[in-house]
Amino acid sequence: MRQVPHAGPGAVHLAPVVIVPHHVGPDGWTAALGVVADALDARPDTPLALRIPGTALDHLVSQSPRIWERLRPRQVGWLAGGWSDPVLADLPPAAARLQLSREKAVMDAAGIVPMGLWIGNGWERSTVDLAVDAGFRLVFIDAALVGETPDRPGAVSRADTTILLVAVADAFPPVGGDDGMVAVRFRPSELARLGDEHPGQLIRPDAYLSDHLPGDRLSPAVSVPGRSEDAEVFYRKLLGVIRDQPDRGSAPDLVLALQSSEFTTGAGGGPEAHHRLLEARIAVDRARFRGDTWVSVEEVDWDGDGVDEIHVETAFSTLVVDPVEGQILVWDDKAGRWPITSVAPIVTALIARRIGDDGAEPTPAPLRLERRTEGRAETRLTMVDADGGHYRLILGDRSLTVRLNPAASEPVLLGPEVPLLMDPSLTRVRVDGGEWQATGEPVAASGHRFRFTDGEREILLSSPRPCDVFVRPHASSGLMVWPHWPTTGDGEYQVTFEPL
């Protein structure tokens, strides 16, 4: 237990804050709030600021009514912060407002008027406007964002808008001055001893501010949590889903849940997160009532690197291509609910991988988009390199065809390399008419048609001219598949990947 000096005349006040995060899930919410209820039953006069996400409050009221009835009459200052505890400063403004609006509906139904807004460890200058627009003048953030923990709440202004900021420390810091207030985060299990160990010190921030003036003005550092590489790809895909949500009607709760920090900052990433995101994409597409023949193609800086990528959406598939890097960043099969390339750790598909006779592998030549054609449920992208080679991607229904027409060059092995989200320990491959082979170890095969199956998913690779296929396991989540041909650069080389 963190020790705080007992109160004396003019001593600093202590504002306990308990944060129950989204990622612990329903069992964790119920367990944590049960401990909080026990502590407040024993010491009903304990002032407390409590943050649980909107979805956890909804679960508490509907699934744990006994705990809710014990908490409801206590001196709890509830904190808003979004339906799924996202990093509000990291979301597009419309998505952040939707998070708060969905949560407000639950709080209104429960008869809760929140004391303030929990921002956490992300801050952007427009957060001031977001808070005020949502009806909050008292905002709670991690103390790390303001540097040295202040000895009382302070004001933050943007233009003509001002809020009061409560910096929440992870431990009681040394503070100067008399009669100040420091907010400290406590675990639920620590609440039972607070009243005995710190008599006369405990207070809620709103009660403190009713009798005290704020301290010095504060300047939070602009910051959002970092992401792993896998979480970055997930977040870019998520932004596309958020953008495409219909303006009318509430978004599905599964979209809001995927905005929680455990997904967007990496702690809850991996293939399962991409599966859930694909379900959200399908739900958003369905809500737009566009049928099965629509196609959307746009050039957009999808990964935020300052260079445009090509983003393709159809009723059946999602495709994101980076011509400059010669990569396929995303290929999702919506019809089969299969985020095909979302293996972990992340690795991108190559439009054309080359290996020379000496085993050397040159860096893929930059490509540029020369032409795009959009038809009924089909898109064709034609890219060229500086030597005159042509590279075509055809996305039709559920299939992806790669056509390579390279410029003349020294003899190389040439072909696209694609990661497949399939369990290597369960997946088998065969050339049509041949025997099944396990893929737990590298496999090489030759032919026109190759079938892969893991018992749940199946994909067919077919080529008009015979090719060699090299398959190797990628960690425990996927396979790297490289169909290729020996070539000097003349002629066309084609392979089609068709989920079945």
Side-chain angles (χ1 to χ4, degrees), residues 1-8 11-25 27-53 56-57 60 64 67-68 70-82 85 112 114-122 138-146 148-153 164-175 179-209 261-262:
M1 176 67 184
R2 289 159 287 201
Q3 294 299 311
V4 183
H6 283 202
V12 70
H13 294 81
L14 173 63
V17 180
V18 170
I19 308 294
V20 179
H22 179 271
H23 69 81
V24 299
D27 290 343
W29 303 332
T30 301
L33 293 168
V35 173
V36 171
D38 290 342
L40 295 181
D41 284 347
R43 294 294 296 264
D45 58 342
T46 302
L48 177 66
L50 177 60
R51 166 62 193 158
I52 64 173
L57 176 62
L60 173 67
S64 303
I67 296 177
W68 167 240
R70 292 164 63 195
L71 285 175
R72 188 166 55 86
R74 302 305 183 194
Q75 297 183 43
V76 172
W78 298 87
L79 301 181
D85 256 1
I112 289 175
M115 175 179 66
L117 178 65
W118 168 249
I119 294 295
N121 60 347
L138 190 60
V139 174
F140 292 65
I141 66 169
D142 279 336
L145 292 178
V146 297
E148 184 176 342
T149 304
D151 67 348
R152 65 195 65 215
L164 290 178
L165 214 58
V166 177
V168 182
D170 286 327
F172 195 89
V175 292
D179 208 24
M181 188 211 82
V182 175
V184 179
R185 186 185 321 211
F186 290 94
R187 293 184 292 272
S189 59
E190 295 175 317
L191 291 180
R193 296 178 293 186
L194 281 182
D196 293 331
E197 298 192 6
H198 314 297
Q201 284 186 275
L202 305 184
I203 196 169
R204 271 180 31 178
D206 55 342
Y208 175 83
L209 288 168
S261 57
E262 66 260 31

So which atom in Ala49 and which in Met115 form the shortest heavy-atom distance, rounded to 0.1 Å? CB-CE, 3.6 Å
Heavy-atom closest pair, residues Pro21 and Asp85: CA-OD2, 3.9 Å
Atom pair CG/CZ of Leu209 and Arg152 - distance to nearest 0.5 Å: 10.0 Å
Quick one: CG on Leu165 to CD1 on Ile119, what's the gap to the nearest 0.5 Å? 8.5 Å
Rounded distance [0.5 Å steps], CG in Leu117 versus CZ in Phe140: 9.5 Å
Any non-hydrogen side-chain atom of Thr30 less than 4.5 Å from a side-chain atom of Asp27? no
Hey, what do you get for NE2 (His13) to CG (Leu202), rounding to the nearest 0.5 Å? 10.0 Å
Student check: side-chain heavy atoms of Met181 and Pro153 closer than 4.5 Å: yes
Apply side-chain contact (heavy atoms from CB on, under 4.5 Å) to residues Val166 and Val17 and explain how you reach the verdict. CA-CA 11 Å; Val166 177; Val17 180; 5.9 Å; no
Could you go through the side-chain contact (heavy atoms from CB on, under 4.5 Å) check for Val12 and Asp151 one step at a time? CA-CA 8 Å; Val12 70; Asp151 67 348; 5.8 Å; no
Close side-chain approach of Leu50 to Leu33, heavy-atom, < 4.5 Å: yes
Can you name the nearest heavy-atom pair linking Gly120 to Leu145, along with the distance? O-CD1, 3.6 Å
When you measure from the side chain of Arg51 to the backbone N and O of Leu79, does any donor-acceptor pair fall under 3.5 Å? yes
Calculate, to the nearest 0.5 Å, the distance between atoms CZ and CD1 belonging to Phe186 and Ile19 respectively. 12.5 Å
Is any side-chain heavy atom of Asp196 less than 4.5 Å from a side-chain heavy atom of Arg43? yes
Return the set of residues passing side-chain hydrogen bond (donor to acceptor under 3.5 Å, both in side chains) with Arg70 (not counting sequence neighbours), or none when no residue passes. Asp38, Asp41
Gln75 vs Leu48 side-chain heavy atoms within contact, under 4.5 Å: no
For residues Ala39 and Ala192, report the shortest heavy-atom separation together with the two atoms involved. CB-N, 3.9 Å
Could you pull out the closest heavy-atom pair between Val184 and Val168, with the gap in Å? C-CG1, 4.2 Å
Looking at Asp45, I'd like to know if its CG atom is crowded, meaning that more than 12 non-hydrogen atoms belonging to other residues, nucleotides or ligands lie closer than 6.0 Å. yes
Considering all heavy atoms, the nearest Ala32-Pro188 contact: O-CB, 3.8 Å
So, taking the atom named CD1 in Ile67 and the one named CZ in Arg72, what distance separates them when rounded to the nearest 0.5 Å? 14.5 Å
